[in-house]
Amino acid sequence: MIRDALADAVLDALAALHVDPLPAQVNLERPARREHGDWSSNVALAAAKAAGRNPRELAAQLVEQLSANPPAHVVAVEIAGPGFVNFRLAPTWLHDVLTDVVDGGTEGYATTDAGGGERVQIEFVSANPTGPIHVGNGWFASYGDALGRVLTRTGHVVSREYYVNDTGGQIRALGASLLAHHKGEPVPEGGYPGEYVADLAKEYDGADDVTEAGQWAAERILGGIRATMESIHVHYDEWYSQASIEESSAVAETVEELRAKGLVTEEDGALWFESKEFGDPRERRVLRKSNGDYTYLAGDIAYHRNKFLIRGFDRVINVWGADHHGQVASLVAGVRALGIDADRIEVRLGQMISLASGRMGKRLGNVVNLDDVVADIGPDATRLLSLLTSIDQAVTIDLDKVRSHSKESPVFYVQYAHTRIASINRVAAERGVVRSPITDVDLGLLLHERELDVLRSLSELPDVIRIAAADRAPHKVATWVRELADRFHGFYHDCYVMGDGVSPELTQARLWLVESARIGFAIGLDLLGVSAPESM
RNA sequence: GCCCUCGUAGCUCAGUUGGAUAGAGCGACCGCCUCCUAAGCGGUAGGUCACAGGUUCAAUUCCUGUCGAGGGCGCCA
């Protein structure tokens, strides 16, 4: 990689200048402004103090040293500002990028094995099966899925899981609501008045038992949730039943394990977990109520014991809504108490989403089902919409605007760029233009700023993916793919691949540029789970 | 009261882990189709990066405080 070559050259130059101590790492970045060159380093600023030198002087010496023996592709090394060292490169470095992209292809370019085969489980959505998925509890479905794709590409082994809350009070409440509908009685307090319950009630012919009725309804609703997830290309490896944990001896075993460690006390007939010493801000939490039932927390700790100690995941990432924030510290305390390193569990809290029309709530009667959004704008736009922003951002979505501007949405912008690539290839085929092997093509003809901009974007993809994985921030891929689309539209507009005044040699070079862009779109869109259409 | 996540253009949001003159889309205004799809391209206008301190060569970015928004602090799940 060019960055490593430049960093090595800088280190060599620093050593030649007897800088002591040598910086552990040379920071190289792409300046925001073109005048500042293609690559820039702040190493003189960063290292000067420790070495007892003047930053600007050190930068000047560095420039002199590097200019005397410039690394490959470097045509000029300049000093700027308070002591930046700016590298100006020949376009050949970008032609090398093109070759790298084509050599790597969709499967290989911008991949790393940084994850080292780490087995990562991502649990996301996990909404209670008491009603259809709505835009609130389904918003981070694309996030969890895309994060999995990014982690897979960076060398992790990913498993996607939906924790099915198929037991407990809300299932009984669902059953009671179903039976009430069935008998034509009013839905009980705290029940589920939704239309879907009435519809299900018509089909129910089981026993007059709230648990049985609730489980029957939950199973049906879960089928709908699966279909919704599939419709936006989210495929789970596991739908894990909470009941299977609670009905096994797993919870009791987990509590026993904690008790054996001396972390459980009994008071008022309840069993308490001494959670504070494991980082819980609260002194202690109930594991088993005085009525003998285990709490949700006890079940959740048992569930995570299962994830780590039974199923052997190296790392667990839970994607939860911000309204579950209160559970995090207790769960992590429980996991730690079981002897599991705290940094193996991550809880990513997605901020609540709201509608421009106001708060969404079941009681307000303005719940928008995810299915309806998918039906309106399609799965691609639905996915990209939620992948444009960080999950730390409490977004406001205006569904009316999303609908009316769906033709101008980012997804069309990006997909349109991709169809233009397909279009170029179609026209080339019609005109009998065949792409020669890349080794026979003079990529040195690619000198137009628009062409170089496309290649600059492609050169950044490996970094983008690496950072998106490390930060658990797949939206960075979405930002990148929009930038690539922007650059490609510019190229398309200003640089004809075939046409008047375009030499056969230039056509060949541009066909390869187009191919490298195609690979970039294919990688980026696949990571986002958005389709890359051939025509629109 | 305490904890978490935030506060960037009229609106919705980016901002490469501290860099040089802070970006995009939508909305507004002005241009560009006899060649690969105008679902596109170019331009103009729009900012005290909530506010005040601190850290340093350098702060939208890190720290503290204030103000504001959302969320959380049960023997509910």
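Throughout, protein chains are lettered first and strands after them, A, B, ... in sequence-line order, and every chain is numbered starting at 1. Heavy-atom basis, side chains included; hydrogens, waters and symmetry copies ignored.
- Nearest nucleotide to the side chain of A:K289, out of B:rA20, B:rC75, B:rA14: B:rC75.
- Between A:W239 and A:Y162, the ring planes lie parallel to each other; the angle is under 30°, not in the 30° to 60° tilted range.
- Only the C1' atoms considered, B:rG10 is 8 Å distant from B:rG46, to the nearest whole Å.
- Stem analysis of RNA chain B (Watson-Crick or G-U pairs, both distances under 3.5 Å, runs of at least three) returns B:1-7 with B:67-73, B:10-13 with B:23-26, B:28-32 with B:40-44, B:50-54 with B:62-66.
- Using C1' as the reference atom, B:rC75 and B:rA69 are 33 Å apart when rounded to the nearest Å.
- Base engagement by A:G499 is indicated by at least one non-hydrogen atom pair under 4.0 Å involving a base atom.
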List the atom pairs, with distances to 0.1 Å, where a side-chain N or O of residues 496-503 of chain A and a protein N or O form a donor-acceptor pair under 3.5 Å, not counting sequence neighbours.
residue: A:S503; atom: OG; partner: A:L506; partner atom: N; Å: 3.0

Inset, instruction - Mark up nucleotides 3-9 of chain B, 5' to 3', with B wherever a protein heavy atom is under 4.0 angstrom from a base atom, S wherever such an atom reaches only the sugar-phosphate, and - elsewhere. - result: BSBS---
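- Applying the 4.0 Å criterion to OP1 and OP2 of B:rC41, one finds that A:Y413 has a side-chain N or O inside that range.
- B:rC73 and B:rA14 are spaced 33 Å apart, taking the C1' atom of each and rounding to whole Å.
- Residues satisfying the salt bridge (Lys or Arg N to Asp or Glu O under 4.0 Å) criterion with A:R172, sequence neighbours excluded, are absent altogether.
- Distance check, rounded to the nearest 0.5 Å: CG of A:L387 to OG of A:S142 gives 5.0 Å.
- Checked by atom type, the side-chain pair A:N318/A:Y163 shows no donor-acceptor distance below 3.5 Å.
- Ring geometry for A:F278 versus A:F273: interplanar angle under 30°, hence parallel rather than tilted (30 to 60°).
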Hey, what are the protein-to-nucleotides 42-44 of chain B N/O distances that come in under 3.5 Å?
residue: B:rG42; atom: OP1; partner: A:R450; partner atom: NH1; Å: 3.3
residue: B:rG42; atom: OP1; partner: A:R450; partner atom: NH2; Å: 3.4

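- Checking side-chain atoms of A:S531 against main-chain N and O of A:P533 turns up no donor-acceptor pair under 3.5 Å.
- Residue A:S535 is in base contact, counting any heavy-atom pair closer than 4.0 Å across all strands shown.
- Rounded to whole Å, the P atom of B:rC6 lies 28 Å from the corresponding atom of B:rC57.
- The side chain of A:K476 contributes no N or O atom lying less than 4.0 Å from OP1 or OP2 of B:rU17.
- The aromatic ring of A:Y496 sits over the base of B:rC35, with ring centres less than 5.5 Å apart and planes inclined by under 30°.
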Which protein N or O atoms sit under 3.5 Å from an N or O of nucleotides 57-64 of chain B?
none

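- Using a 4.0 Å heavy-atom criterion, one finds that A:A478 contacts no nucleic acid atom at all.
- Remark: A:R285 is not in phosphate contact with B:rG74, judged by side-chain N or O atoms under 4.0 Å from OP1 or OP2.
- Looking at residues two or more places apart in sequence or on another chain, you find no side-chain hydrogen bond (donor to acceptor under 3.5 Å, both in side chains) involving A:E430.
- For A:D323, there are no salt bridge (Lys or Arg N to Asp or Glu O under 4.0 Å) partners two or more places apart in sequence or in a different chain.
- A:R88 is linked by a salt bridge (Lys or Arg N to Asp or Glu O under 4.0 Å) to A:E78, counting only residues two or more places apart in sequence or in another chain.
- Across all strands shown, A:N291 has no heavy atoms under 4.0 Å from either base or sugar-phosphate atoms.
- Using C1' as the reference atom, B:rA45 and B:rA28 are 8 Å apart when rounded to the nearest Å.
- Residue A:S40 is the one, among A:H493 and A:S40, whose nearest nucleotide of RNA chain B lies closer to the 5' end (criterion: closest heavy atom).
- Minimum atom distance to the side chain of A:Q170 is reached by B:rA77, of the listed B:rA77, B:rA39, B:rA38.
- Side-chain contact check for A:R420 and A:H489: at least one donor-acceptor pair (N or O, by modelled atom type) lies under 3.5 Å.
- Under the 90° criterion around 0 for the glycosidic angle, B:rC4 counts as anti.
- A:E35 CD: more than 12 foreign heavy atoms inside a 6.0 Å radius.
- The closest side-chain donor-acceptor pair between A:Q170 and A:T130, if any, does not fall under 3.5 angstrom.
- We find that A:E161 and A:K307 are not joined by a salt bridge, their nearest charged nitrogen and carboxylate oxygen being 4.0 Å or further apart.
- Each of A:G81 and A:G321 has a nearest nucleotide on RNA chain B; the 5'-most of these lies closest to A:G81.
- Taking only side-chain atoms of A:P31, from C-beta outward, the nucleotide of B:rG40, B:rG71, B:rA20 with the closest atom is B:rA20.
- As rounded to the nearest Å, B:rG68 and B:rG23 have C1' atoms that lie 25 Å from one another.
- For the C1' atom pair drawn from B:rG27 and B:rC13, the interatomic distance equals 15 Å after rounding to whole Å.
- Counting distance only, with no hydrogens placed and no angle test, the side-chain atoms of A:D300 and the base atoms of B:rA77 include no donor-acceptor pair under 3.5 Å.
- Contact annotation for A:H36: base contact, defined as any heavy-atom pair under 4.0 Å involving a base atom.
- When atom types are taken as modelled, the side chain of A:T167 and the backbone of A:A243 share no donor-acceptor pair closer than 3.5 angstrom.
- Spacing of C1' atoms, B:rU34 relative to B:rC26, comes out at 33 Å, to the nearest Å.
- A donor and an acceptor atom never sit less than 3.5 Å apart when one is taken from the side chain of A:S390 and the other from the base of B:rA14.
- Distances from the side chain of A:V427 to the nucleotides B:rC75, B:rC36, B:rA20 place B:rC36 closest.
- In the set B:rG70, B:rU21, B:rA77, the nucleotide with an atom closest to the side chain of A:E35 is B:rU21.
- Residue A:W272 is in base contact, counting any heavy-atom pair closer than 4.0 Å across all strands shown.
- For RNA chain B, the residues of residues 241-248 of chain A within the heavy-atom distance limit of 4.0 Å (strictly under) are A:Q242, sorted by number.
- Backbone-only contact: A:V395 has heavy atoms under 4.0 Å from sugar-phosphate atoms and none from a base.
- Around atom CD of A:E449, more than 12 heavy atoms belonging to other residues, nucleotides or ligands sit under 6.0 Å away.
- A:S330 and A:R282 form a side-chain donor-acceptor contact under 3.5 Å, judged by distance and modelled atom types alone.
- Judged by distance alone with a 3.5 Å cut-off, a donor-acceptor contact links the side chain of A:S290 to the base of B:rC75.
- Nearest to the side-chain atoms of A:R33 among the listed nucleotides B:rA14, B:rC36, B:rA20 stands B:rA20.
- The side chain of A:R431 has B:rC36 as its nearest neighbour among B:rC36, B:rA14, B:rC41.
- The residue from A:R3, A:H36, A:R456 that alone fulfils the side chain to side chain contact (heavy atoms under 4.5 Å, CB included) condition with A:R30 is A:R3.
- Among pairs with a residue in residues 263-273 of chain A, those fulfilling side chain to side chain donor-acceptor pair (under 3.5 Å) read A:T265-A:E274, A:E267-A:R284, at least two apart in sequence or across chains.
- Of the candidate nucleotides B:rU16, B:rC36, B:rC75, B:rC75 has the atom nearest to the side chain of A:D268.
- Partners of A:I391 under the side-chain contact (heavy atoms from CB on, under 4.5 Å) rule, at least two apart in sequence or in another chain, are A:F140, A:Y143, A:R348.
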